[in-house]
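Atoms considered below: every heavy atom in the structure, side chains included; atoms not considered: hydrogens, waters and symmetry mates.
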Amino acid sequence: MVGEIGGNDYNFAFLQGKTVEEVRDMVPKVVQAIKDAVTRVISFGAARVVVPGNFPIGCLPIYLTTFHTNNSAAYDEFHCLKGLNNFSIYHNDQLKEAIKDLRKINPNVIIVYSDYYNAFQWVYHHAPFLGFDTASLQKSCCGIGGDYDFSMIQKCGDLGVPVCHNPNEHISWDGIHLTQKAYQYMAYWLIYEILPKLQCKI
């Protein structure tokens with residue numbers, strides 16, 4: 001697996017106050033860096049490569065807190081920020097095109113896109129059936145403050161920041177990363193999606 005690459009670059013830019021339009025200009029360079037990494041892995045002899053995309057970042061507490069707005073039109077039906085999720089879709093679309101190019105250049109290598117975006121959305125949309133607390137879907141388990149139990153000033157691990165009693169009922173661990181239970185369900189979805197494409201012979 002190569003990556004996930006670019007998430008922290010985008011996080012840093014957004015949290016420095018860059019607009020979606022400004023951060024979109026970074027996407028070609030990030031995608032090129034991913035292409036270069038895949039090419040290097042293949043040069044070392046990799047026969048099967050998995051390349052993950054980006055999460056729907058508009059659903060994460062760090063972004064919901066930072067870009068909070070009273071404009072209801074900015075949110076989708078699941079209260080995720082549409083502009084940020086559309087940015088993730090844009091990145092993922094560019095990455096999928098890059099993977100097509102890599103497949104043409106490396107016809108004997110199996111290169112598979114790992115759809116983190118839809119894996120997360122599947123967990124998010126099926127959360128009640130997976131045992132997650134519907135009242136806490138966008139709240140950090142380890143965090144404090146505001147509507148999403150997240151603060152840039154007091155983060156998870158800082159003195160006085162509480163941890164929820166049952167992390168398995170939360171999707172978000174610290175407002176940035178997911179809980180082990182959320183990652184587990186994402187992994188189930190991804191393995192089911194990816195494994196046949198890898199053409200592994202057992």
Side-chain angles (χ1 to χ4, degrees), residues 1-12 14-15 30 33-34 37-38 41 46 48-67 76 78-81 84-89 91-92 95-96 99 111-144 147-152 155-158 161-198 200:
M1 178 172 282
V2 178
E4 177 259 349
I5 294 172
N8 286 335
D9 299 281
Y10 298 144
N11 289 344
F12 184 79
F14 278 125
L15 298 176
V30 170
I34 297 170
V38 172
V41 167
R48 294 175 178 83
V49 183
V50 177
V51 186
N54 204 356
F55 287 82
I57 59 174
C59 299
L60 302 179
I62 183 173
Y63 283 106
L64 288 165
T65 299
T66 304
F67 294 95
D76 65 17
F78 298 100
H79 196 72
C80 297
L81 287 160
L84 289 168
N85 279 359
N86 287 338
F87 170 81
S88 292
I89 291 170
H91 164 89
N92 292 339
L95 180 58
K96 284 184 272 190
I99 289 172
I111 306 172
V112 177
Y113 173 73
S114 183
D115 193 350
Y116 279 17
Y117 188 100
N118 281 310
F120 178 94
Q121 292 289 52
W122 180 85
V123 173
Y124 193 75
H125 296 170
H126 293 83
F129 306 102
L130 299 175
F132 295 104
D133 176 21
T134 55
S136 303
L137 292 185
Q138 294 182 323
K139 293 179 181 289
S140 303
C141 169
C142 179
I144 191 171
D147 293 335
Y148 309 104
D149 289 340
F150 179 84
S151 168
M152 291 296 292
K155 297 179 183 178
C156 180
D158 289 347
V161 175
V163 177
C164 66
H165 294 295
N166 188 356
N168 288 340
E169 292 183 350
H170 284 249
I171 288 178
S172 177
W173 165 245
D174 59 0
I176 304 167
H177 307 95
L178 308 187
T179 59
Q180 291 299 306
K181 181 61 68 174
Y183 280 130
Q184 180 183 17
Y185 282 121
M186 274 190 64
Y188 289 155
W189 191 95
L190 289 165
I191 291 169
Y192 181 82
E193 175 75 11
I194 291 171
L195 197 56
K197 299 176 183 176
L198 290 175
C200 296

Engineer: Got a donor-acceptor contact below 3.5 angstrom from the S140 side chain to the F150 backbone?
Structural biologist: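 No, S140 side chain to F150 backbone: no donor-acceptor pair under 3.5 Å.
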Engineer: For A127 versus L137, what's the shortest heavy-atom pair and its separation?
Structural biologist: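 That closest heavy-atom pairing would be CB-CD2, 3.4 Å.
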Engineer: Without placing hydrogens or testing angles, list every side-chain donor-acceptor pair under 3.5 Å for residues 173-180, not counting sequence neighbours.
Structural biologist:
{"from": "D174", "atom 1": "OD1", "to": "I176", "atom 2": "N", "distance (Å)": "3.0"}
{"from": "D174", "atom 1": "OD1", "to": "H177", "atom 2": "N", "distance (Å)": "2.7"}
{"from": "D174", "atom 1": "OD1", "to": "H177", "atom 2": "ND1", "distance (Å)": "3.4"}
{"from": "D174", "atom 1": "OD2", "to": "H177", "atom 2": "ND1", "distance (Å)": "3.0"}
{"from": "T179", "atom 1": "OG1", "to": "H170", "atom 2": "O", "distance (Å)": "2.7"}
{"from": "T179", "atom 1": "OG1", "to": "A182", "atom 2": "N", "distance (Å)": "3.3"}

Engineer: Is the shortest side-chain heavy-atom distance between I194 and S114 below 4.5 Å?
Structural biologist: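 In short, these two side chains touch, coming nearer than 4.5 Å.
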Engineer: Restricting to ring-ring contact (aromatic ring centres under 6.0 Å, His included), what partner residues turn up for H91, sequence neighbours left out?
Structural biologist: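 Partners of H91 under the ring-ring contact (aromatic ring centres under 6.0 Å, His included) test: Y10.
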Engineer: Please name the pair of heavy atoms, one in A119 and one in W189, separated by the smallest distance, quoted to 0.1 Å.
Structural biologist: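 Shortest heavy-atom contact: CB-CE3, 3.4 Å.
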Engineer: Please give me the minimum heavy-atom distance between H125 and F78, naming the atom from each residue.
Structural biologist: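 Result for this residue pair: NE2-CE1, 3.2 Å.
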Engineer: About how many Å separate SG of C59 and CG of D76, when rounded to the nearest 0.5 Å?
Structural biologist: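 Here the rounded value is 6.0 Å.
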Engineer: To check you understand the geometry: which heavy-atom pair defines the closest contact between H79 and Q138, and what is its length?
Structural biologist: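 Closest pair (atom of H79, atom of Q138, distance): O-NE2, 2.9 Å.
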Engineer: Run the ring pair (Phe, Tyr, Trp, His ring centres under 6.0 Å) test on Y63 and F14 for me, step by step, so that the C-alpha distance in whole Å, both residues' side-chain angles and the decisive distance to 0.1 Å come before the verdict.
Structural biologist: CA-CA 9 Å; Y63 283 106; F14 278 125; 5.7 Å; yes
Engineer: Applying the side-chain contact (heavy atoms from CB on, under 4.5 Å) criterion to L84, which one of T66, I57, L64, L60 satisfies it?
Structural biologist: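 Answer to the side-chain contact (heavy atoms from CB on, under 4.5 Å) test with L84 among T66, I57, L64, L60: I57.
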Engineer: Report the distance from atom CZ of F132 to atom CD1 of I171, rounding to the nearest 0.5 Å.
Structural biologist: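 With rounding to 0.5 Å, CZ (F132) is 5.0 Å from CD1 (I171).
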Engineer: Quick one: does E4's side chain have a donor or acceptor within less than 3.5 Å of a partner on G7's backbone?
Structural biologist: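 Side chain of E4 to backbone of G7, a donor-acceptor pair under 3.5 Å: yes, one is there.
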Engineer: Hey, does V2 have a side-chain heavy atom less than 4.5 Å from the side chain of I5?
Structural biologist: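 Contact flag for I5/V2 side chains = yes.
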Engineer: Minimum heavy-atom separation for P52 to Y113, with atom names?
Structural biologist: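 Heavy atoms of P52 and Y113 come nearest at C-CE1, 4.4 Å.
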Engineer: So does N118 get a backbone contact from the side chain of D115, meaning a donor-acceptor N/O pair under 3.5 Å?
Structural biologist: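 Yes; judged by distance alone, with no hydrogens or angles, the pair exists.
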Engineer: Once you round to the nearest 0.5 Å, how far does CE of M186 lie from CD of Q121?
Structural biologist: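 Interatomic distance, M186 CE to Q121 CD, rounded to 0.5 Å: 10.0 Å.
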Engineer: So, N92 side chain and N54 main chain: donor-acceptor pair closer than 3.5 Å or not?
Structural biologist: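 The answer is yes, because a donor-acceptor pair under 3.5 Å joins these two groups.
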Engineer: Is there side-chain contact between Y148 and I62, with at least one heavy-atom pair below 4.5 Å?
Structural biologist: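 No, their side chains stay 4.5 Å or more apart.
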Engineer: Side chains of V51 and V112, heavy atoms from C-beta outward: is any pair under 4.5 Å?
Structural biologist: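 The answer is no, as the side chains (C-beta and beyond) never meet within the 4.5 Å cut-off.
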Engineer: Output the distance between atom CH2 (W122) and atom OH (Y188), rounded to the nearest 0.5 Å.
Structural biologist: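 It comes to 10.0 Å.
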Engineer: Over all heavy atoms of both residues, which pair between N85 and Y117 is shortest? Give the atoms and the distance, please.
Structural biologist: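 Minimum heavy-atom separation between N85 and Y117: CB-OH, 3.5 Å.
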Engineer: For side-chain contact (heavy atoms from CB on, under 4.5 Å), just list the numbers for L15 and M152, CA-CA rounded to whole Å, side-chain angles, deciding distance to a tenth of an Å, and then say yes or no.
Structural biologist: CA-CA 10 Å; L15 298 176; M152 291 296 292; 4.2 Å; yes
Engineer: Would you please classify the geometry between the Y183 ring and the F55 ring as parallel, tilted or perpendicular, with 30° and 60° separating the classes?
Structural biologist: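 Taking Y183 first and then F55, their aromatic rings stand perpendicular (interplane angle over 60°).
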Engineer: Side chains of Y124 and C80: does their closest heavy-atom pair fall under 4.5 Å?
Structural biologist: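 Yes, close enough: below the 4.5 Å cut-off.
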Engineer: Given C141 and C164, is the disulfide (SG to SG under 2.5 Å) satisfied, shown in steps?
Structural biologist: CA-CA 5 Å; C141 169; C164 66; 2.0 Å; yes
Engineer: Measuring from C156:SG to D149:CG, what's the distance to the nearest 0.5 Å?
Structural biologist: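 The SG atom of C156 sits 11.5 Å away from the CG atom of D149.
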Engineer: Answer yes or no: is there a donor N or O on one side and an acceptor on the other, between the side chain of K139 and the main chain of D147, under 3.5 Å?
Structural biologist: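 Side chain of K139 to backbone of D147: a pair is present.
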Engineer: Please report the interatomic distance CZ(R48) to SG(C200), rounded to the nearest 0.5 Å.
Structural biologist: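 Between atom CZ of R48 and atom SG of C200 there are 4.5 Å.
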